[in-house]
Amino acid sequence: MKKIKNFRYRHLLLLFSLCAVILSALTGCTSAKADSRIQITFWHEMTGPAQVQLTKFVKEFNQSQNKYTVVPQFEGNYNEAVQKILNTHGTSASPAVFQSMDISTSQIYSSGYTTPVQKFITADNYDVSKISAVARAFYSKNGQQLSMPFNTSQPVLYYNATLLKKYGITPPPVDPSYSDITRVAQQLYERSGKKVKGLSVEIYGWLFEQFLANAGESLANNQDGHAGTPTAVNFTGTAATTTMKWIQENIKHGSFMNYGSGTSASANEMAGFLSGKLGMFLQSSADISQLTAGMKDQLGITYYPHPDGQKSNGVSIGGASLWISNDKSTTVQRGAWEFIKYLMKSQNQAAWQAATGYLALNKDSQNEPVLQKLYQKTPAAKIPSQQLARTTPNNTNSGIFMQGLIQERTITQTAMEQIYNGKSVTSALQDAEKQMNSYVQTTNKANK
């Protein structure tokens with residue numbers, strides 16, 4: 001009996017050893033196969049649902065072909081990522097393809113560290129007309145596509161349709177003027193017994209820029225930098241002055257709410273809206289997914305408001321784009337481009353919008369089932385895409401091609417805070433303009 005047990009033991013041991021050898025061989029083959037692929041290091045700054053969906057895209061791309069392996073790496077926030085990109089270029093640590101925020105466009109371009117995606121567009125005869133013209137224009141220079149727009153948003157106005165109905169208030173039109181918004185905000189404030197604020201406009205430089213863009217007014221000279229390096233900014237023109245006076249007057253009236261600036265302001269604004277204490281707010285279209293998940297009332301969305309007495313020029317975009325590093329081999333750069341093309345497919349762009357709230361940039365995405373389902377559930381969710389599609393790109397709504405935009409936003413936000421707290425609009429804007437012009441002159445001298 002003991003011999004039988006020993007025999008069985010030796011037999012099982014031999015079997016396990018054989019399995020281990022086979023498994024090791026298989027693993028070795030798999031590793032060899034993986035190692036034979038060309039590695040494409042991809043740096044990004046996505047978190048939450050966006051990171052989950054992006055990871056899914058990477059996995060699906062890697063499974064769709066056997067030549068490249070994309071390796072995604074999270075690199076922190078946008079500002080941190082830009083510095084890492086500039087500091088690692090030319091080393092083995094640098095990425096082959098990377099995501100960089102909208103306002104870093106001029107900085108990345110001026111670094112000379114990238115290969116314009118136009119090179120691959122031309123080589124492949126890629127039909128770039130399928131991609132939103134407004135989004136493309138933001139990341140273009142002299143007719144060349146520098147990078148591919150990816151996670152793209154637009155500023156829109158959100159309103160609580162259920163709340164407006166409760167107080168018998170006609171909602172704002174799809175393309176509202178300042179007066180249209182004032183009417184709704186003041187009616188809501190008064191009819192609620194001053195318990196509900198009508199509108200909030202966060203102290204945020206991006207929103208300041210969008211007010212000028214939608215009014216067709218340049219923030220920087222040389223056509224917002226598209227016709228040459230800016231040498232001066234315009235914070236005191238008609239658009240900025242009119243808009244800031246409009247906001248200040250309504251804050252004094254009580255119908256507009258001032259939540260301040262920064263992360264806490266955004267969080268408090270969202271909380272106020274979801275709790276029914278705020279009727280409308282201006283913010284990124286990327287907030288749609290969060291709103292639809294947390295809101296029981298009916299959500300309404302309109303285009304970004306424009307000054308009275310003129311048509312809207314169209315707003316610019318926010319978000320980031322995908323760049324290809326020129327310190328990598330031609331083969332690796334080609335792999336980076338293949339990955340970018342994969343992300344821009346209509347079905348992938350549709351899935352991206354449904355999962356994250358960022359806009360699908362491929363025009364064919366609007367016909368994809370996943371977006372049709374989203375629009376059936378939340379009809380207002382199609383408004384940002386319609387705003388993007390109806391806008392004709394020009395130099396005042398295609399971004400500001402100027403270095404120092406982070407500084408610009410800091411300065412304009414200080415001016416907005418002063419104005420919201422009662423300082424003279426003219427004085428606050430003049431001080432901000434003078435400060436930014438000094439910064440621009442210093443930066444231009446340093447770059448020369």
Side-chain angles (χ1 to χ4, degrees), residues 132 134 152-189 191 196-202 204 206-216 239 242-243 246-247 250 255-257 266 269-270 272-274 276 278-292 295 297-318 353 357-360 366 371 374-375 377-392 397:
S132 164
V134 174
T152 298
S153 61
Q154 284 213 302
V156 294
L157 182 139
Y158 295 103
Y159 67 90
N160 187 321
T162 302
L163 198 60
L164 297 189
K165 185 177 181 180
K166 174 183 176 181
Y167 291 106
I169 300 170
T170 302
V174 174
D175 188 11
S177 67
Y178 292 172
S179 291
D180 291 325
I181 302 305
T182 300
R183 171 189 62 80
V184 176
Q186 293 188 356
Q187 286 179 349
L188 185 56
Y189 182 60
R191 294 182 189 183
V196 180
K197 291 288 186 177
L199 175 76
S200 71
V201 182
E202 183 187 346
Y204 185 14
W206 184 54
L207 298 181
F208 181 89
E209 294 161 16
Q210 301 301 339
F211 284 123
L212 269 66
N214 210 23
T242 299
T243 303
W246 169 61
I247 295 173
N250 280 283
S255 55
F256 281 18
M257 179 66 182
S266 299
E269 182 181 64
M270 181 69 75
F273 184 75
L274 293 175
L278 175 68
M280 300 180 290
F281 72 104
L282 293 169
Q283 202 49 267
S284 167
S285 57
D287 285 344
I288 291 178
S289 57
Q290 184 178 351
L291 287 169
T292 52
M295 188 173 182
D297 292 341
Q298 182 183 353
L299 178 66
I301 304 177
T302 76
Y303 299 159
Y304 204 75
H306 57 82
D308 294 341
Q310 67 177 90
K311 292 183 178 180
S312 56
N313 179 58
V315 289
S316 185
I317 62 170
Q353 179 174 332
Y358 287 114
L359 300 178
Q366 299 304 315
L371 279 189
L374 172 65
Y375 296 155
K377 181 180 179 181
T378 309
K382 68 175 66 173
I383 295 296
S385 294
Q386 291 174 344
Q387 178 179 244
L388 183 68
R390 67 106 185 220
T391 301
T392 300
N397 63 21

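Being a predicted model, the structure only gives us computed values, none of them experimental.
- Closest heavy-atom contact between Thr391 and Val134: O-CG2, 3.3 Å.
- Residues Gln366 and Ser385 approach most closely at NE2-OG, 3.7 Å, considering heavy atoms.
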Problem set entry | From CA spacing to verdict: ring pair (Phe, Tyr, Trp, His ring centres under 6.0 Å), Tyr159, Phe273 | CA-CA 8 Å; Tyr159 67 90; Phe273 184 75; 8.7 Å; no
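- The CG atom of Leu282 sits 5.0 Å away from the CG atom of Leu157 when rounded to the nearest 0.5 Å.
- From Gln387, atom CD reaches atom OG1 of Thr302 across 8.0 Å, with rounding to the nearest 0.5 Å.
- Closest heavy-atom contact between Pro384 and Leu359: CB-CD2, 3.7 Å.
- The main-chain N or O of Thr392 is found under 3.5 Å from a side-chain atom of Asn397 such that the two form a donor-acceptor pair.
- Side-chain contact check for Thr152 versus Tyr358: every heavy-atom pair is 4.5 Å or farther apart.
- A donor-acceptor pair is defined here as one N or O able to donate and one able to accept, closer than 3.5 Å; no such pair exists between the side chain of Asn250 and the backbone of Phe256.
- Taking the six-membered ring where the residue is Trp, Tyr178 and Trp246 present parallel rings, their angle staying beneath 30° rather than reaching 60°.
- Considering OG1 of Thr292 and CG of Leu374, their distance stands at 7.0 Å, rounded to 0.5 Å.
- Looking at Ile317 and Leu388, their side chains come closer than 4.5 Å, going by heavy atoms from C-beta outward.
- Judged purely by atom type and a 3.5 angstrom limit, Asp175 has no side-chain atom pairing as donor or acceptor with the backbone of Ser312.
- Between the CG atom of Leu207 and the CD1 atom of Ile247 there is a distance of 8.5 Å, given to the nearest 0.5 Å.
- With Gln310 contributing its side chain and Ala215 its backbone, the two residues share a donor-acceptor pair below 3.5 Å.
- Counting only distance, with no hydrogens or angles, the side chain of Glu202 and the backbone of Gln283 share no donor-acceptor pair below 3.5 Å.
- Checked by atom type and distance alone, the side chain of Asn160 never pairs as donor or acceptor with a backbone atom of Gly279 at under 3.5 Å.
- In this structure, the side chain of Gln187 does not engage the main chain of Ile169 through any donor-acceptor pair within 3.5 Å.
- Here the OG atom belonging to Ser284 is positioned 7.5 Å from the OH atom belonging to Tyr204, to the nearest 0.5 angstrom.
- At least one side-chain heavy atom of Leu291 sits less than 4.5 Å from a side-chain heavy atom of Met270.
- Nearest heavy-atom pair, Met295 versus Leu274, reported as atom, atom and distance to 0.1 Å: CB-CD2, 3.8 Å.
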For this session: Start with the C-alpha distance between Lys197 and Tyr189, add both sets of side-chain angles, then the distance that settles side-chain contact (heavy atoms from CB on, under 4.5 Å), and finish with yes or no.
Result: CA-CA 5 Å; Lys197 291 288 186 177; Tyr189 182 60; 4.1 Å; yes
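- Between Tyr303 and Gln386, the shortest heavy-atom distance links the atoms OH-CB, 3.7 Å.
- Heavy-atom minimum distance, Pro176 versus Ile181: CB-CD1, 3.7 Å.
- Distance check, rounded to the nearest 0.5 Å: OG of Ser285 to CD1 of Ile288 gives 5.5 Å.
- For the pair Thr162 (side chain) and Gln298 (backbone), a donor-acceptor distance under 3.5 Å is present.
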